[in-house]
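To start, the structure under review is shown below, and the notes come after it.
Whatever order the structure lists them in is the order used to number ligands and atoms, beginning at 1. Here, residue 1 is the first one in the sequence, and each next residue gets the next number.
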Amino acid sequence: MARTIAGVDVLVTSPSRNFVTLKITTDDGVVGWGDATLNGRELAVAAYLQDHLASALVGRDADRIEDTWQYLYRGAYWRRGPVTMAAIAAVDLALWDIKGKALGVPVYQLLGGAVRDKLLCYTHATGWDVPELLDSVERKREQGYRAIRAQFGVPGLDKVYGVTRGGAAYEPAGRGGGPAEEVWETSAYLRHAPTVLAAVREHVGPELKLLHDAHHRLNPTEAARLARSLEQVDLFWLEDVIPAENQRLLRGVRAQTTVPLAIGEVFNSVWDADRLITERLIDYLRMAVVHGGGISHMRKILAFAELYQVKAGPHGPSDVSPVSMSASLHLCLATTNFGIHEFMGYDPLVGEVFRSSFRMSDGYLRPGDEPGLGVDVDEAAAARFPYVQAYLPVAREVDGTVKDW
Ligand code: CS2
Ligand code: MG
């Protein structure tokens with residue numbers, strides 16, 4: 001007797017920041033949770049789910065995860081894109097959660113079982129100047145992190161991606177009102193970055209894994225110049241050196257440097273990365289299960305990437321909810337070509353809504369072992385935090401030209 005989908009509900013909640021969560025309930029009362037959070041465009045995905053998918057899902061066989069994925073992807077006619085793939089991901093994660101709960105096993109066991117005991121993770125250190133950045137790095141080292149991303153201020157600019165002042169936590173989406181605008185100057189950044197990152201490496205010694213995110217801002221020539229200037233810093237990876245739409249442009253950067261390259265957090269299907277993988281233009285693929293169509297699509301992409309020795313380096317900022325964070329950990333625990341997982345941590349308010357069993361200790365993440373994905377959502381608590389319109393910033397060059405943020 002098939003277990004069928006009886007209820008599909010979308011929760012939009014904002015405990016310190018917005019999250020969109022899908023709740024699927026089966027006819028025998030099993031509840032599965034999926035994440036549909038797309039930072040700055042949350043309501044678009046919520047509408048896609050509640051206005052276009054919910055009614056088509058009710059009555060479907062909840063065990064048919066792959067069939068449902070194909071039904072939502074190929075059956076939509078209009079394919080791919082962050083909104084569509086986040087909506088499909090939410091359904092996919094919820095169905096994997098249901099299957100694990102119904103069978104009494106954690107989802108990683110359904111994916112072939114663990115291939116490792118723990119998952120190396122990295123977190124964010126931020127500082128406007130070198131002393132502040134080094135303080136932030138030290139605080140993260142004291143928490144046990146073995147890998148740390150360093151982001152820093154740029155002389156002459158008053159706002160920079162990933163950087164706060166006074167050690168405050170960084171949340172990119174500004175709440176209320178429209179998108180904030182930030183001025184960016186690549187030449188100032190290129191002059192400054194090598195000095196700061198060399199100072200960090202000098203301070204921490206050779207062991208600590210250091211990462212840096214260029215956040216889509218450079219052209220291939222600038223990216224090659226930056227990478228070459230960082231060769232001696234021994235980065236674990238240099239992230240998003242160029243906007244990723246034109247994958248072929250990375251060939252020039254790859255040919256100029258041996259610094260490991262990571263790209264993909266804005267990707268949402270295998271077609272965004274196929275050339276980067278088959279030409280091995282990247283070392284790490286940054287796609288998150290919530291933005292990459294869920295576990296069902298991501299596990300195929302990572303199996304494909306394994307053939308080219310490209311490893312998973314999943315996106316894991318504050319805007320990837322604990323539901324997809326947990327799903328990603330289950331997937332990565334069962335994935336051989338895993339490299340490192342981003343883990344920014346969450347505001348304490350998030351824990352009032354999402355009760356998750358994954359843990360970070362001594363620089364490694366571990367998912368829980370209870371059936372399903374290991375996250376419970378407190379709907380009453382979620383209702384206490386209504387949606388607050390929030391936008392990611394828009395960047396402009398000094399002359400006013402819009403720039404990749
Ligand atoms: C960043 C993110 O974590 C990262 O690597 O690129 O902070 C990104 O800016 C946000 O997830 C956008 O919502
Ligand atoms: Mg990034």
Notebook entry, point to check: Between Asp63 and Asp61, which heavy-atom pair has the shortest distance, and what is it?
Noted result: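 In this case the closest contact between Asp63 and Asp61 is N-OD1, 2.8 Å.
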Check: What are the protein N/O/S atoms, named by residue and atom, that sit under 2.8 Å from the Mg ion (ligand 2)?
Finding: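 Atoms qualifying: Asp213 OD2, Glu239 OE2, Glu265 OE1.
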Are any side-chain N or O atoms of [X] and backbone N or O atoms of [Y], one a donor and one an acceptor, separated by less than 3.5 Å?
X      : Y      : answer
Glu222 : Asn219 : yes
Asp92  : Ile295 : yes
Ser326 : Pro322 : no
Gln109 : Val105 : no
Asp404 : Pro243 : no

Check: Would the number of heavy atoms belonging to other residues, nucleotides or ligands and lying under 6.0 Å from NZ of Lys403 be above 12?
Finding: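 Atom NZ in Lys403 is packed in, count exceeds 12.
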Item checked: Distance under 6.0 Å and angle within 45° of ring axis: Arg396 vs Trp184 ->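 No - Arg396 does not lie over the ring of Trp184 by the 6.0 Å and 45° rule.
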Check: Going through the checks in order, is the ring pair (Phe, Tyr, Trp, His ring centres under 6.0 Å) test met by Trp69 and His297?
Finding: CA-CA 8 Å; Trp69 194 95; His297 192 42; 5.0 Å; yes
Item checked: Close-range residues for ligand 1, whose non-hydrogen atoms fall below the 4.0 Å threshold ->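 Residues Asn39, His124, Arg149, Tyr161, Asp213, His215, Glu239, Glu265, Arg286, His315, Pro317, Asp319, Glu342, Leu392, Trp405 each place a heavy atom under 4.0 Å from ligand 1, listed by chain and number.
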